[in-house]
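All ligand and atom numbering here is 1-based and tracks the order in the structure.
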Amino acid sequence: MKLVTRAQWGARDYRTPNGATPYSRARRGVKLHYLGTEFADRTHDRCGAYIRLLQDQHMDGRGWSDIGYSFLVCTHGYVYEGRGLKRRNSANGNTTLNEQDYAVCLLVGSSGRTQPTDEQLHGARDAIEHCRTNGPAGDWLGGHRDGYATTCPGDAVYAWAKKGAPRPDDGGSEPETPATERPVVDLSKLIAAAKADPPKKGTPVSYPGTKVVEAALVAEGLLARSLADGHFGSATVDAYALWQRRCGWSGDDADGLPGIASLTKLGKRRGFDVKE
Ligand SMILES: [Zn+2]
Ligand SMILES: [Zn+2]
């Protein structure tokens, strides 16, 4: 959770004793809210100032002892600590409702930006789980409008709450995989490796292109995976001879030493290029 503590957003001190009132019983769950005013998209460097403005409105305009909400979530997915987990919120409509559920406000408006962003839904989900785990709170989830005459938290947030506040689908997009270059196998180096292997004890692993060819032979079902060890040894020679026969050669043409035609054909099927 991208938590922004009161100290980090520059909260004013809350008034005592009312701002320090703890919950007197277990919380049933979490109620979601929205701003219910015009709200414009803004860059995140302006979100802290907006939270401070809301606190001023709640304390100076409404005469509350602190910002009303337990937590607030900006469109960038940051979770701002309001009254937090232990101090009773003042946002749900009356003392009974405030006692009953936490109050989490998503910074979206009734005009301007009205749809929560995916980042914001993740942040709100983080806040809900934080309340449930660390409050603790029960699993009940709804909106300010449940049991109170208000349009809050707006239709978009309310519909999401009633679905159980699922994390947004990432659209099925896979993490970007870097474009990999096709390996290039040097035929003369491969033949040299095939003639030199198996290595005597202590000799370094042979030409790296061997592994590319071995992987292709494994994929063709001609070589056991355990024998694809980077050495063009007798098992690899035997496997390559099988590949040559599969290609239609026989006799000396299928002796297991790679030739340009058979290797190019294997590369076309298994994703590598050959240079002579
Ligand atoms: Zn509300
Ligand atoms: Zn933000």
Report the name of the N/O/S atom of H44 located nearest to the Zn ion (ligand 2). ND1

Within the stated cut-off of 2.8 Å, is an N/O/S atom of H144 closer than that to the Zn ion (ligand 1)? yes

Does Y102 use its side chain to pair, donor to acceptor, with the backbone of A127 at less than 3.5 Å? no

Relative to each other, are the rings of H44 and H76 parallel, tilted or perpendicular (30° and 60° limits)? perpendicular

Do Y14 and R6 come close enough that some side-chain heavy atom pair is under 4.5 Å? yes

Restricting H76 to its N/O/S atoms, the closest one to the Zn ion (ligand 2) is ND1

Checking distances from the Zn ion (ligand 1), one finds that the N, O or S atom of H33 closest to it is ND1

Would F39 and Y50 count as a close aromatic pair, with their ring centres under 6.0 Å? yes

